[in-house]
Amino acid sequence: MSPRPDTRRKLTVLTVHERMKIIEKHAAGWKIGAISETYGVPQSTVSTVVKNKEKWIAMQDKGNLRKPRAVSNERLEKAMKLFVQQARENNLPLSGIMIREKAKDFACQLGFTEFKGSAGWLSKFAKRQNLAFNKLCGESASVDTNMCDDFKQKTLPDLVRGYDPKDIYNADETASFYKCLPDKTYTMQSEACHGGKYSKQRITVLCATNMDGSDKLPLLVIGKSKKPRCFKNVKSLPVIYESNSKAWMTSLIFEKWLNDLDKKFGEENRKVLMFVDNCTAHPKRLQDKLININLQFFPPNATSVLQPLDLGIIKNLKHYYRYSLVKRRLDEMEQKKDFSDITVLDAIKYMSRNWAADVKPSTIANCFAKAGFVCPDADQQWNEDIQEDLPTITDDMMAHLSEGVSFSAYCNVDDDLTTAELMSDDDILEFVTEPKSVNGEDVEDTEDDPQQPLEVTSSMVRNTLGAMNNILAATENVPAEMFGIYYALEQFLQQKY
């Protein structure tokens with residue numbers, strides 16, 4: 001007896017593209033039966049597609065042709081994404097074998113012992129991350145004077161055309177030995193900050209300002225500790241604070257800062273032009289992701305000539321910061337107090353005040369002018385002299401703190417510190433690993449700073465406000481707006497406490 005033929009209907013799975021064609025034909029007047037014959041599917045399937053047309057239209061608009069499968073090892077996925085992203089941003093060649101081997105290495109360190117790093121995993125990973133293995137092209141390692149002149153005379157005018165000075169920004173990082181006092185100047189100038197005694201006494205600071213100096217954005221400060229002990233009871237900071245084990249800028253921190261800034265400008269209904277250098281932490285892929293910021297890069301290795309922040313603005317900030325530290329130490333000597341240690345919180349307070357109150361808009365405008373920033377459509381006249389009246393420390397005052405060190409040398413102590421480098425494997429694993437906790441709370445860093453918790457009481461607020469009021473009353477020629485600032489501060493603090 002011959003076997004009965006298999007009369008079961010072969011299952012046909014329609015793609016989103018085919019479902020959209022069905023919807024289009026039905027909208028054009030095709031009958032359900034005719035569509036069914038054309039695509040070889042039951043009429044009930046055609047009816048269901050037409051019934052759910054809003055769903056398929058929305059899915060096509062989003063470009064989600066298929067719901068992505070969940071990634072089993074999220075930390076490994078994140079680590080490999082960082083590794084590949086960093087390599088691509090810095091023009092480092094990668095092969096499939098290199099990615100698989102690195103994935104197996106990361107998996108072992110993360111405790112994923114069953115991970116094989118197969119070719120199938122590589123294929124799926126590449127698809128999830130939209131990777132394509134292409135031949136990489138190199139980039140010139142140096143820029144000559146002619147290229148800088150061409151950028152100033154030809155490229156820059158076209159870039160800034162159509163933007164007001166208030167909408168043209170520059171952002172750049174600088175590093176600081178925030179604890180350094182004059183007596184440590186010579187010792188710390190030889191510190192490469194790749195480790196060693198003084199590497200724990202540094203921070204990286206991102207400064208950003210617009211062309212006319214009317215908008216100095218809050219500083220972004222990067223420290224080594226996620227939760228320094230000096231931050232105990234601190235609920236508000238005048239800066240944005242981030243951390244990593246090197247206290248360096250990374251592409252992740254920069255991307256987060258830039259995305260938040262992009263949203264802020266969007267809320268203000270502003271379109272701005274932002275210039276940055278070709279630092280390893282500034283990924284060019286962000287140019288296509290930002291909505292309200294037009295991100296532009298200076299030519300490589302030319303920022304000392306072309307970047308306004310490098311032409312005097314950052315040096316101005318550091319001058320005021322060093323002046324604040326010296327004045328603090330001299331005041332302690334005059335009052336015969338024990339020398340107090342300088343914490344990250346102290347550095348943040350001083351530097352944010354220096355940035356907001358001491359770095360003048362005229363200094364910023366003149367540094368932009370020196371870099372060649374002149375808007376073709378704006379009627380602006382800049383003073384070519386970028387020198388400003390800066391506070392000075394005399395040699396006699398310095399002699400009380402250190403022998404043979406000038407104030408100028410002290411201000412320049414950290415000029416050559418590294419602000420960003422490629423993340424090492426340990427850095428990547430540290431980033432994707434959750435911090436240790438005790439009783440559900442993050443462990444505080446007990447290494448960098450002494451514990452100086454802030455404790456605010458209502459009597460402290462009352463006494464401080466009273467003292468400030470008396471000081472203003474006893475001071476000559478106080479501008480009326482200063483009293484307004486005091487009254488606003490008084491009202492704010494009284495409501496809080």
Side-chain angles (χ1 to χ4, degrees), residues 171-209 216-225 228 230-231 237-250 253-254 257 277 279 281 303 307 309-329 340-359 390-391 393 401-402 405 407-421 445 447-449:
D172 190 34
E173 298 88 0
T174 185
S176 174
F177 282 134
Y178 69 92
K179 289 181 180 234
C180 179
L181 286 161
D183 59 331
K184 296 291 184 182
T185 296
Y186 286 140
T187 308
M188 299 184 83
Q189 277 180 330
S190 62
E191 169 66 58
C193 218
H194 290 275
K197 180 178 178 181
Y198 296 113
S199 65
K200 296 171 184 175
Q201 301 186 16
R202 63 159 289 164
I203 54 176
T204 295
V205 181
L206 174 70
C207 305
T209 180
K216 289 176 282 186
L217 299 177
L219 298 175
L220 168 63
V221 176
I222 306 169
K224 290 177 66 69
S225 309
C230 59
F231 281 13
L237 290 173
V239 303
I240 303 167
Y241 183 79
E242 299 285 353
S243 65
N244 59 59
S245 60
K246 299 289 195 306
W248 283 340
M249 174 61 80
T250 68
I253 294 176
F254 183 74
W257 175 79
D277 60 26
C279 158
T303 54
Q307 181 156 237
L309 281 162
D310 282 347
L311 293 176
I313 299 173
I314 288 177
K315 184 173 287 292
N316 201 260
L317 171 62
K318 285 192 170 186
H319 184 111
Y320 279 107
Y321 177 69
R322 295 293 172 203
Y323 178 83
S324 299
L325 296 190
V326 170
K327 286 292 292 179
R328 167 174 163 159
R329 180 54 57 90
S340 58
D341 197 16
I342 299 165
T343 68
V344 173
L345 184 60
D346 292 329
I348 285 173
K349 289 178 178 178
Y350 282 128
M351 204 167 288
S352 61
R353 184 187 68 190
N354 298 144
W355 178 243
D358 296 329
V359 179
L390 295 173
I393 299 293
L401 303 175
S402 179
V405 176
F407 183 64
S408 176
Y410 172 55
C411 288
N412 300 332
V413 64
D414 42 27
D415 280 357
D416 297 325
L417 289 186
T418 303
T419 59
E421 283 195 2
D445 183 358
E447 195 172 6
D448 288 351
D449 292 315

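Residue numbers count from 1 along this sequence. Note that the structure is predicted; figures quoted are calculated from it, not measured.
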Exercise. Rounded to the nearest 0.5 Å, what separation is found between the CG atom of N354 and the OH atom of Y323?
Worked result: 11.0 Å

For this session: Test M351 against V221 for side-chain contact (heavy atoms from CB on, under 4.5 Å), laying out the working first.
Result: CA-CA 10 Å; M351 204 167 288; V221 176; 5.8 Å; no

For this session: Please report the closest heavy-atom contact between N244 and T250, naming both atoms and the distance.
Result: ND2-CG2, 3.7 Å

Problem set entry | Inter-residue atom distance K224.NZ - S243.OG, 0.5 Å rounding | 10.5 Å

Problem set entry | Nearest-0.5 Å distance that lies between atom CG in L206 and atom CG in L309 | 8.5 Å

Seminar exercise, completed: d(S352 OG, L317 CG) to nearest 0.5 Å is 10.0 Å

Problem set entry | Taking every non-hydrogen atom, the tightest pair across Y350 and S324 | CD2-CB, 3.8 Å

Problem set entry | K216 side chain to A356 backbone, donor-acceptor under 3.5 Å | yes

Problem set entry | Main-chain N/O of I313 paired with N316 side-chain donor or acceptor, under 3.5 Å | no

For this session: Over all heavy atoms of both residues, which pair between A347 and I203 is shortest? Give the atoms and the distance, please.
Result: CB-CD1, 4.3 Å

Exercise. Can you name the nearest heavy-atom pair linking T303 to D277, along with the distance?
Worked result: CG2-CB, 3.1 Å

Seminar exercise, completed: Looking only at heavy atoms, the pair that brings E173 and I314 closest together is O-CD1, 4.2 Å

Exercise. Heavy atoms, side chains only, cut-off 4.5 Å: are C411 and H319 in contact?
Worked result: yes

For this session: Spell out, as yes or no, whether a donor-acceptor pair under 3.5 Å connects the side chain of R322 to the backbone of C180.
Result: yes

Problem set entry | Steps toward side-chain contact (heavy atoms from CB on, under 4.5 Å) verdict (C207, L219) | CA-CA 5 Å; C207 305; L219 298 175; 3.8 Å; yes

For this session: Please step through side-chain contact (heavy atoms from CB on, under 4.5 Å) for the pair W355 and V239, ending with a clear verdict.
Result: CA-CA 11 Å; W355 178 243; V239 303; over 6 Å; no

Seminar exercise, completed: Here the gap from R328 atom CZ to I342 atom CD1, rounded to the nearest 0.5 Å, amounts to 5.0 Å

Seminar exercise, completed: When every non-hydrogen atom of E242 is compared with those of L220, the smallest separation belongs to CG-CD1, 3.7 Å

Exercise. Looking only at atom types and distance, does a side-chain atom of T419 sit under 3.5 Å from a main-chain N or O of T174, one as donor and one as acceptor?
Worked result: no

Exercise. Going from CZ on F177 to CG on L325, what distance comes out if it is rounded to the nearest 0.5 angstrom?
Worked result: 14.0 Å

Exercise. Just checking, any donor-acceptor pair under 3.5 angstrom between side chains of K315 and N412?
Worked result: yes

For this session: Test R202 against W248 for side-chain contact (heavy atoms from CB on, under 4.5 Å), laying out the working first.
Result: CA-CA 9 Å; R202 63 159 289 164; W248 283 340; 3.3 Å; yes

For this session: State whether the side chain of Y321 and the backbone N or O of Y178 hold a donor-acceptor pair below 3.5 Å, judged by distance alone.
Result: yes

